[in-house]
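Just so it is clear, the model here is predicted, and its values are computed rather than measured. Hydrogens, waters and symmetry mates are skipped; everything else that's a heavy atom, side chains included, is used.
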Amino acid sequence: MENIKKIIERHMPSKAELLSFKYNQRSSFIKIVIDSIEEISVDDTAMLARDIKNDDYILSNFPDGVRLEVGTPGIGSPLERIFQYEKNIGRNIELEYHHGSEIIRKTYTLKSVEKNGIVVEKNNKKNDVFFNDIKSAKIKVSFD
């Protein structure tokens, strides 16, 4: 499993970060999720898949081939990294976070990203939320 992660990281586009990968040895299936502050095109994911499939380690250890899926987080996927918050400033965010002993679940507008957290706004009232307090954060997509 560690060898596969190293192969993925070796072929990653410089602008992208590996969010997750899953490997099912029984079915020779690898699923990779990447993201970036910049847009990742279908060509970027296709090139990464091709490079991984043509890697000498993959070719020698999967003589019957490997099924490979490379993609980006979909709509409704939770935000996991700071750059994902940064690229969504100005958008509505569904946030679930600890505030003292209670858990708050609200939709806010993401105003800014700070070193230790984010600034959100609802009804012209700004709130600071620390990253450590966030349980879940998802961009709310609306088609107005």
| Taking everything shown except Phe29 itself, do over 12 heavy atoms lie less than 6.0 Å from its CZ? | yes

| task | Could you list all the ring pair (Phe, Tyr, Trp, His ring centres under 6.0 Å) pairs where at least one residue sits in residues 97-125, not counting sequence neighbours? | result | none

| field | side-chain contact (heavy atoms from CB on, under 4.5 Å) partners of Ser77, counting only residues at least two apart | value | Pro73

| remark: With sequence neighbours left out, the residues meeting side-chain contact (heavy atoms from CB on, under 4.5 Å) with Asn92 are Thr107, Thr109, Lys140

| query | Residues in side chain to side chain donor-acceptor pair (under 3.5 Å) with Glu121, at least two apart? | reply | none

| Would Ile82 end up clustered with Val120 when hydrophobic side chains under 4.5 Å apart are linked, directly or stepwise? | yes

| remark: Sequence neighbours excluded, the answer for side chain to side chain donor-acceptor pair (under 3.5 Å) partners of Glu114 is Ser112

| task | Say whether Tyr57 and Val66 are linked into one hydrophobic cluster, either directly or through other cluster members, by side-chain heavy-atom distances under 4.5 angstrom. | result | yes

| remark: Separation between CG (Leu48) and CG (Leu68), nearest 0.5 Å, reads 7.5 Å

| Is it true that a side-chain atom of Asn123 and a backbone atom of Lys125 form a donor plus acceptor pair closer than 3.5 Å? | no

| field | Hydrophobic cluster membership, Ile118 vs Ile89, 4.5 Å side-chain cutoff | value | yes

| Least distance between heavy atoms, Ser36 atom then Ala16 atom | CB-CA, 4.0 Å

| query | Does Asp44 have any side-chain contact (heavy atoms from CB on, under 4.5 Å) partners at least two apart in sequence or in another chain, and if so, which? | reply | Lys15, Ile40, Ser41

| Looking only at heavy atoms, what is the nearest atom pair of Ser28 and Gly65, with distance? | CB-O, 3.9 Å

| task | Just grab all the ring pair (Phe, Tyr, Trp, His ring centres under 6.0 Å) pairs involving residues 71-94, residues at least two apart or on different chains. | result | Tyr85-Phe131

| query | Quick check: does any side chain N or O of Glu9 sit under 3.5 Å from a backbone N or O of Lys6, one acting as donor and the other as acceptor? | reply | no

| More than 12 non-hydrogen atoms from neighbouring residues, nucleotides or ligands closer than 6.0 Å to CG on Asn132, yes or no? | no

| Counterpart residues, salt bridge (charged side-chain N to carboxylate O under 4.0 Å, His left out), relative to Lys106 (two or more places apart) | none

| query | If you round to the nearest 0.5 Å, how far is CD1 of Ile52 from CD1 of Ile4? | reply | 10.0 Å

| query | How many angstroms lie between atom NZ of Lys5 and atom CD1 of Ile30, to the nearest 0.5 angstrom? | reply | 14.0 Å

| note | Only residue of Asn54, Asp55, Asp51 satisfying side-chain hydrogen bond (donor to acceptor under 3.5 Å, both in side chains) with His11 is Asp55

| request: List in chain and number order the residues that pass salt bridge (charged side-chain N to carboxylate O under 4.0 Å, His left out) with Arg67, two or more places apart in sequence or in another chain; answer none if no residue qualifies. | output: none

| Can you name the salt bridge (charged side-chain N to carboxylate O under 4.0 Å, His left out) partners of Arg91, sequence neighbours left out? | none

| message | With a 4.5 Å cut-off on side-chain heavy atoms, are Val129 and Leu95 touching? | response | yes

| request: Test Glu86 against Ile37 for side chain to side chain contact (heavy atoms under 4.5 Å, CB included), laying out the working first. | output: CA-CA 8 Å; Glu86 290 171 343; Ile37 189 88; 3.9 Å; yes

| request: Group every Ile, Leu, Val, Met, Phe, Trp and Tyr by side-chain heavy-atom contacts under 4.5 Å, then state whether Met47 and Ile58 land in the same group. | output: no

| said: Looking at Lys31, I'd like to know if its NZ atom is crowded, meaning that more than 12 non-hydrogen atoms belonging to other residues, nucleotides or ligands lie closer than 6.0 Å. | reply: no

| said: Can you list everything that forms a side-chain contact (heavy atoms from CB on, under 4.5 Å) with Arg105? Sequence neighbours excluded, please. | reply: Glu96, Ile103

| request: Check salt bridge (charged side-chain N to carboxylate O under 4.0 Å, His left out) between Lys87 and all other residues, then give those that pass, not counting sequence neighbours. | output: Asp35

| request: Please test Ile34 against Leu19 for side chain to side chain contact (heavy atoms under 4.5 Å, CB included), starting from the C-alpha separation and ending with a verdict. | output: CA-CA 5 Å; Ile34 62 173; Leu19 294 184; 6.0 Å; no

| query | Does Lys138 come within less than 4.0 Å of Glu94, counting only side-chain N to carboxylate O? | reply | no

| query | Could you walk me through whether Phe62 and Lys53 pass the side chain to side chain contact (heavy atoms under 4.5 Å, CB included) check? | reply | CA-CA 9 Å; Phe62 296 90; Lys53 276 190 166 189; over 6 Å; no

| task | Give the intermediate values and the outcome of side chain to side chain contact (heavy atoms under 4.5 Å, CB included) for residues Leu79 and Asn88. | result | CA-CA 10 Å; Leu79 304 180; Asn88 286 293; 4.1 Å; yes

